[in-house]
Enquirer: 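Sharing a structure with you now.
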Amino acid sequence: MTNSSDRLGKIVAEPEPIELDWTKTALVIIDMQRDFMEPGGFGETLGNDVSQLARAVQPIRSVLSAARDVGMLVIHTREGHLPDLSDAPPAKVERGAPSLRIGDPGPMGRILIRGETGHDIIPELYPLDSEIVIDKPGKGAFYATEMSDILQKYGIENLLVCGVTTEVCVNTTVREANDRGYRCIVISDGCASYFPEFHEIGLKMIKAQGGIFGWVASSAAVLEALKTSKTE
Ligand code: TIU
């Protein structure tokens, strides 16, 4: 992405199209971890049907591949905690009545603990060594992480956001980012929820009121914008 005519892209989005500079844009992939996506992890211990999330994988793969092709900054996040749980508030660990709690041993290692198999990103979307991985103890990618420093270091102004789940970690991250001045474009089919109705409403909340937290666009619209700006 060295030619200035390659830099600008216009994404067909809701509530309105958005023009952005790709060199100031990062792809942020939220928590595509085995603990949420696969049986035996944190998501299933909470009583969820994890198969609901699989639909987001292919759209994310397509956008990730295109982002890699144009040299866009790619950031992956992982929700999880230190082995001694020192960064896990009791209010989070004790919540609800899961079959296994955070830190308990499960079939993919200790639930939601850094370094365990379940905590890692699914093979289909595995980060390249050159990509950034942010470990976060909360739902949002900014709380208690180096996210702000990294975005400032790379001069990022716009975030293409996808991952799971739509109404929890994606929404929390978008709200945090919006308050910090970032334009967030949420990739609709690159997000998923254990509750399809929450996915739909989660996207509506972002784009309502003239885009109160950001924009929503399909993966196809993002790919088209990347393709068009490369050939103009
Ligand atoms: N439970 C649920 O829907 N989500 C989370 O706990 N974390 C994320 O969304 N990543």
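In this chain, residues are counted from 1 in sequence order. Note that ligands are numbered from 1 as they come in the structure, with each ligand's atoms numbered from 1 the same way.
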Enquirer: List the closest protein heavy-atom neighbour of atom 9 (O) of ligand 1: residue, atom name, distance to the nearest 0.1 Å.
Expert: T165 N, 2.9 Å

Enquirer: Nearest to atom 1 (N) of ligand 1 by heavy atom, L46, T173, I30: which?
Expert: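 Result: the heavy atom closest to atom 1 (N) of ligand 1 is in L46.
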
Enquirer: Going by the order shown, which atoms of ligand 1 are within less than 4.0 Å of some heavy atom of F42?
Expert: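 Ligand 1 atoms under the 4.0 Å threshold to F42: 6 (O).
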
Enquirer: Before you tell me yes or no, could you show the steps for E79 and K92 under salt bridge (charged side-chain N to carboxylate O under 4.0 Å, His left out), namely the whole-Å CA-CA distance, both residues' side-chain angles and the distance that decides it to 0.1 Å?
Expert: CA-CA 13 Å; E79 180 179 348; K92 180 177 181 181; 2.7 Å; yes

Enquirer: So for ligand 1, is E79 a polar contact partner (N or O within less than 3.5 Å, distance only)?
Expert: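 Yes - when backbone and side-chain N and O of E79 are compared with those of ligand 1, one distance drops under 3.5 Å.
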
Enquirer: Report, in ascending order of atom number, the atoms of ligand 1 lying under 4.0 Å from any heavy atom of C169.
Expert: 7 (N), 8 (C), 9 (O), 10 (N)

Enquirer: Which heavy atom of T173 sits nearest to which heavy atom of A141, and what is that distance?
Expert: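 Where T173 meets A141 most closely, the heavy atoms are OG1-N, 3.1 Å.
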
Enquirer: For the side chain to side chain contact (heavy atoms under 4.5 Å, CB included) test, which of L64, I60, L160, I187 pairs with S219?
Expert: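 Result for side chain to side chain contact (heavy atoms under 4.5 Å, CB included) with S219: I187.
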
Enquirer: Working note: I75 + L151, criterion side-chain contact (heavy atoms from CB on, under 4.5 Å); need CA distance, chi angles, decisive distance, verdict.
Expert: CA-CA 10 Å; I75 300 174; L151 297 180; 3.7 Å; yes

Enquirer: For ligand 1, which atoms have a heavy atom of K139 less than 4.0 angstrom away?
Expert: 5 (C), 6 (O), 7 (N)

Enquirer: Hey, does E167 come in under 3.5 Å of ligand 1, counting only N/O atoms on both sides?
Expert: no

Enquirer: For Y194, counting its heavy atoms only, list the atoms of ligand 1 lying under 4.0 Å from any of them.
Expert: 3 (O)

Enquirer: Should you measure from each heavy atom of V164, which atoms of ligand 1 turn up under 4.0 Å away?
Expert: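 Near V164, the atoms of ligand 1 are 8 (C), 9 (O), 10 (N).
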
Enquirer: Is the backbone of E146 close enough, under 3.5 Å, to the side chain of D149 for a donor and an acceptor to pair up by distance?
Expert: no

Enquirer: Is ligand 1 under 4.0 Å from a heavy atom in the side chain of D31, in the backbone, in both, or in neither?
Expert: side chain

Enquirer: Could you check whether any side-chain N or O of E224 sits under 3.5 Å from a backbone N or O of A220, counting only pairs where one atom can act as donor and the other as acceptor?
Expert: no

Enquirer: Considering all heavy atoms of both residues, which atom of T145 and which atom of P137 are nearest to each other, and what is their separation?
Expert: CG2-CD, 4.4 Å

Enquirer: With respect to N48, determine whether any N or O atom, backbone or side chain, lies less than 3.5 Å from an N or O atom of ligand 1.
Expert: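 It does not: no N or O of N48 is found under 3.5 Å from an N or O of ligand 1.
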
Enquirer: Run the salt-bridge test on R78 and D120 with the 4.0 Å N-O cut-off and return the result as yes or no.
Expert: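 Yes, charged N to carboxylate O under 4.0 Å.
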
Enquirer: Consider every N or O of F36 and every N or O of ligand 1, then say whether any pair is closer than 3.5 Å.
Expert: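 No, there is no polar N/O contact under 3.5 Å.
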
